[in-house]
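To keep things clear, I will list the structure first and then write my remarks on it.
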Amino acid sequence: MRLRARLVIATVGVTVPMVVLLMWLDGRARHRAAAYALSEGTLRRLQNPDERARCEAAPATWGRPRRPFAAAGSTAGDGPGPDGTVRDRRPGGHRPPMPFPIGAPPVNYAYDEQLISVNPAAPRLAMADDVRTLEVGAVHVVPRAWYGDDVDVVVRTPWGSGPCAFVLTHGTTTPGFIGALLPASPIWLLPLAAVLIAILIAVGPVVARIRRLTVAVNRSAAHGFADAIPAEGTDEVAELARAFDAAGREVRAQLATKDQREQTLRDFLANTTHDVMIPLTVLQSHLATLREAHAAGAAPDPLVLTAAMAEAHYIGALLHNLAVAAKLDAGEPGMLKSPVDLNALVARVVSRHAPIARQRAIALEHAVPEHPLTAQADVTMLEQAVSNVVYNAIRHNRTGGHVALILEPQADERFRVRVIDDGPGIPPQQLERVAQRGQRGDAARSRAPDGQGLGLDIAHRVARLHGHQLTFAASEFGGLQVDLEGPTASETDPGPDADRDPDPVPAGNPSPPS
Amino acid sequence: MPDRILLIEDDQELGAQIVDNLRKAGFDPTWWRAGRHIEPQQLPGLALVILDLMLPTTYGMDILKELRASGAEVPVLVLSARNDTADKVRALKLGADDYMTKPFWPEELIERVRARMRRPTLQRGDALEVGKLRLDLATRGTHVDGAVVELTRVEFDLLSALARRPGVAVTRGWLVEHVLDPDREGNERTLDVHVSRLRKKLGVAVKVETVWGIGYRLGTEAA
Ligand SMILES: Nc1ncnc2c1ncn2[C@@H]1O[C@H](COP(=O)(O)OP(=O)(O)OP(=O)(O)O)[C@@H](O)[C@H]1O
Ligand SMILES: [Mg+2]
């Protein structure tokens, strides 16, 4: 339902019963007033001793109006009609006609003690019992409908006997437009109209503003909520407009975030492609060199072969890093924690890089505790973090160098993964910068040897996401020492690794059961 | 007799290479180019299953689940191209013993296969045997090539600690803490002295190797 129709219905629904109630109260009040006036008038008239004589002399005709009423526009009629009322029948016509119908003067009818009237015009009294028990000089008001203009009162005359023992006085309420129903003038319509007009005045602009707001919201929505929604004023409509504006801003912000994310993804894809293309090109070049050597009948250059393998290995590591970076960008939700067998993890990392280390004559050693350590972690992320540190130790090492990866339990249910090498290491002034990696959101990826790599950035971010500590120091062998520390998972923690394998040898760990 | 290995891998090129590498490494591979369930009668004599998770016909996980549901305990090494944690966790839950993510070097695969099939050290009752070395834990007697070798308490403890995990590096720190006499202020220096004495007593038949950055390991070459 439209707002206007709703308002009109509500207004009518409230005012009509109110008008009816008011008219009812008004009608009753006028009836009461008229009954009082009639009874007073009649009683005063009967005080006059002559009246008794006059009445008893001619009870059939006594009681006609003696003189025209000056008040209330009443005027003399030529007697009551058959129904006991006298309507406006001015026979004389010597008065100017009134602009609206008027009532009649009161008419009296005399009744004897048996409530029988000799006056042929007298109405029959129905409520005989009520009347007969009337005290001398008491008044009985004949009940009438409140909307009629007739008023009848029965009075017991002061003497209370004879043909004029009772007197019925018939009159009307103040004459009006339609009898007693409505006030004398249509002035009552005024407040009603005023209320309606007031409502329209108050509501009209509101409706118009709501319409304008609708248009503004639609327009804004059509432009992806790019336009602001104007909110003038301080009322509820303005509040609504402001709420729409705020909602629009929120939508705008979310759209912007989404666009940003899409852009990041596009950049990521572009960068990834770029990142992979370079080592791939290097690899192709190595392979071409080998092919040429073969064509020339020469033995393949082992250095080129090693370089080609290293490049292929690098591409693999890079792709794993990019995948983990994508998950890290998703934050917590990208992570899936489960109990991770750290011994097995170390074994996997070592076996992943062992072939490349062997190629470069780098000894890659590892040690794990006899009892496997377990930590709550995303196994892919943690493995990649450790793998990056180990791979660095191999890649940034010299031929014939050493790398050791040691997993050890620490006090307070913690583990430590330590990677040490005897390569060139990182000078102290740069160490701090390397240790601060991962604090920046965007990882600038390049293979330039200036500490801007992806590897440590991922190691840092994984450690932070897991609440692990990643620390860098100079190793006692001249190279770098990287420690990753974190809490171990409790033994009772039933993980996916639990009760699955009757074979007690941990993955990749050749140690016998203890 | 070479160990029988079942390879379930749908990629022709990769499958052929893995089969080739396994054969060169002395295994007896059987290659299934499509995923299908492993029947119980195919299990006897099978030392390992290498299962690719991304098989087109039957999802690798289903093969694994089916296999474990039938009660088979053959070790399963899962290969997955998707380096996805959920896949790994699920595979381990379903009873895989280990997994490898692509890409991998042939050497890496062979090493992992060997690691899965490595038998625990022979330990009969109170005796430890590694190659030519035999340790009697109850009597604390040491034999190399059948000959008795007299070892001190610390030397015996050191050797047995290494022999419990042959081929595995044990850190200096652990050895100092668990083998040396705490009353006599053992440190890594003392440990090295004990090791060099031990090496002299054992001769060339049993090798106590120094592991760079870590500690010592009992060589298994002679084994
Ligand atoms: N063990 C190490 N010895 C010497 N320098 C190292 C070592 N580890 C890291 N660095 C230095 O820190 C830098 C950052 O390492 P990071 O792993 O983040 O990048 P990267 O190895 O260059 O590239 P990538 O993204 O491929 O890993 C390296 O470029 C290297 O200069
Ligand atoms: Mg790196």
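Every chain is numbered from 1 and lettered A, B, ... according to where its sequence line falls, protein lines coming before strand lines.
A:Gln410 CD: more than 12 foreign heavy atoms inside a 6.0 Å radius. Sparse packing is recorded around CG of A:Asp412, with 12 or fewer heavy atoms of other residues, nucleotides or ligands lying under 6.0 Å away. At most 12 heavy atoms of other shown residues, nucleotides or ligands fall within 6.0 angstrom of atom CD in B:Glu13. Around atom NZ of B:Lys65, no more than 12 heavy atoms belonging to other residues, nucleotides or ligands sit under 6.0 Å away. Within 6.0 Å of CZ on B:Arg153 lie more than 12 heavy atoms contributed by other residues, nucleotides or ligands.
Contacts between A:Val324 and chain B at a heavy-atom distance below 4.5 Å are absent for every atom of the residue. No part of A:Arg418 comes within reach of chain B, as not one of its non-hydrogen atoms sits under 4.5 angstrom from that chain. Using a 4.5 Å cut-off between heavy atoms, A:Ile406 touches chain B through its side chain atoms alone. With a 4.5 Å cut-off on non-hydrogen atoms, B:Arg114 does not touch chain A at all. Proximity to chain B involves both the backbone and the side chain of A:His313, based on heavy atoms less than 4.5 angstrom apart. Contacts of A:Met335 with chain B are absent, with no heavy-atom separation under 4.5 Å from either backbone or side chain. Heavy-atom distances place the side chain of A:Glu383, and not its backbone, under 4.5 Å from chain B. Proximity to chain B is limited to the side chain of A:Lys327, based on heavy atoms less than 4.5 angstrom apart.
Here the straight-line distance linking atom CD of B:Glu107 with atom CD1 of A:Ile356 works out to 8.5 Å at 0.5 Å rounding.
Taking every heavy atom of both residues into account, B:Val89 and A:Ser338 meet most closely at CG2-OG, 3.4 Å. The two residues B:Ala86 and A:Leu336 have their closest heavy-atom pair at CA-CD2, 3.4 Å. For the pair A:Ala367 and B:Ile214, the tightest heavy-atom approach, listed with the atom from each and the gap, is CB-CG2, 3.5 Å.
Between A:Arg348 and B:Asp98 the shortest side-chain heavy-atom distance falls below 4.5 Å. Considering only heavy atoms from C-beta on, B:Trp212 stays 4.5 Å or farther from A:Leu364 through its side chain. At a threshold of 4.5 Å between non-hydrogen side-chain atoms, the residues A:Glu365 and B:Arg217 count as touching. In this structure, A:Val368 and B:Arg165 have side chains that are in contact, with non-hydrogen atoms separated by less than 4.5 Å.
Counting heavy-atom pairs closer than 4.5 Å to chain B, the top residue among A:Ala317, A:Ala404, A:Gly316, A:Pro355 is A:Pro355.
Exactly one of B:Asp84, B:Thr85, B:Thr101, B:Asp87 qualifies for a side-chain hydrogen bond (donor to acceptor under 3.5 Å, both in side chains) with A:Thr380. That residue is B:Thr85.
Applying the side-chain contact (heavy atoms from CB on, under 4.5 Å) rule to A:Ser351 yields the partners B:Glu108, B:Glu111, B:Arg112; only residues at least two apart in sequence or on another chain are considered. Residues satisfying the side-chain contact (heavy atoms from CB on, under 4.5 Å) test with A:Ala312, not counting sequence neighbours, are A:Leu283, B:Trp105.
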